[in-house]
Peer 1: 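Structure below; questions to follow.
All of these numbers come straight from a predicted model, not from anything done at the bench.
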Amino acid sequence: LVSVKVLQFPDHSGTSRSINRQALPMLKSEVISAQGTRVNLISGATLTSRAYLRSLNGALRQAGA
């Protein structure tokens, strides 16, 4: 993995925007460093972390990785 692009994410509330603004860059950095989805969840963003990693796993499966 050299990059991860998030196409959609919840932004329907201020809380969602705040959590995603902090958690998504951290998750991106973690999965690129780990070269996969075996990373720790972000504290305070458990649902976001799980959804991000589940989505990334699906994308990697579709790409044949």
Side-chain angles (χ1 to χ4, degrees):
L1 295 169
V2 294
S3 183
V4 177
K5 182 175 182 181
V6 177
L7 302 177
Q8 291 181 316
F9 57 89
D11 66 351
H12 58 279
S13 72
T15 301
S16 292
R17 284 188 294 275
S18 177
I19 290 170
N20 289 324
R21 187 174 26 251
Q22 293 177 2
L24 294 177
M26 293 170 70
L27 287 162
K28 177 181 177 179
S29 176
E30 289 292 316
V31 299
I32 290 171
S33 292
Q35 288 296 292
T37 58
R38 296 180 76 88
V39 299
N40 292 327
L41 302 179
I42 304 298
S43 179
T46 303
L47 295 177
T48 296
S49 297
R50 286 183 179 155
Y52 180 95
L53 297 172
R54 188 171 37 249
S55 178
L56 182 56
N57 270 324
L60 290 171
R61 274 195 304 278
Q62 284 184 347

Peer 1: Output side-chain donor-acceptor pairs under 3.5 Å for residues 21-29, partner residues at least two apart or in another chain, one line each.
Peer 2:
none

Peer 1: Would you call Leu60 and Leu1 a side-chain contact if the rule is heavy atoms closer than 4.5 Å?
Peer 2: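 Yes, their side chains come closer than 4.5 Å.
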
Peer 1: Answer yes or no: is there a donor N or O on one side and an acceptor on the other, between the side chain of Thr48 and the main chain of Asn20, under 3.5 Å?
Peer 2: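 No.
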
Peer 1: Can you tell me how far the CZ atom of Arg61 sits from the CG atom of Leu56, to the nearest 0.5 Å?
Peer 2: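 The CG atom of Leu56 is 10.0 Å from CZ of Arg61, to the nearest 0.5 Å.
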
Peer 1: Work out which heavy atom in His12 is nearest to a heavy atom in Arg17; give both atom names and the distance.
Peer 2: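 For His12 and Arg17, the tightest heavy-atom pair comes out as C-NH1, 4.0 Å.
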
Peer 1: Contact between Tyr52 and Val31 at the side-chain level, heavy atoms closer than 4.5 Å - yes or no?
Peer 2: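 Yes, close enough: below the 4.5 Å cut-off.
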
Peer 1: Can you get from Leu53 to Ile19 by hopping between Ile, Leu, Val, Met, Phe, Trp and Tyr side chains that sit under 4.5 Å apart?
Peer 2: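 No; tracing contacts between hydrophobic side chains, which count when under 4.5 Å, never links both residues.
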
Peer 1: Using side-chain contact (heavy atoms from CB on, under 4.5 Å) as the criterion, list what pairs up with Leu47, not counting sequence neighbours.
Peer 2: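 Partners of Leu47 by the side-chain contact (heavy atoms from CB on, under 4.5 Å) criterion come out as none, since no residue qualifies.
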
Peer 1: I need the single residue from Val39, Leu41, Asn40 that forms a side chain to side chain contact (heavy atoms under 4.5 Å, CB included) with Glu30. Which is it?
Peer 2: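 The option that passes is Val39.
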
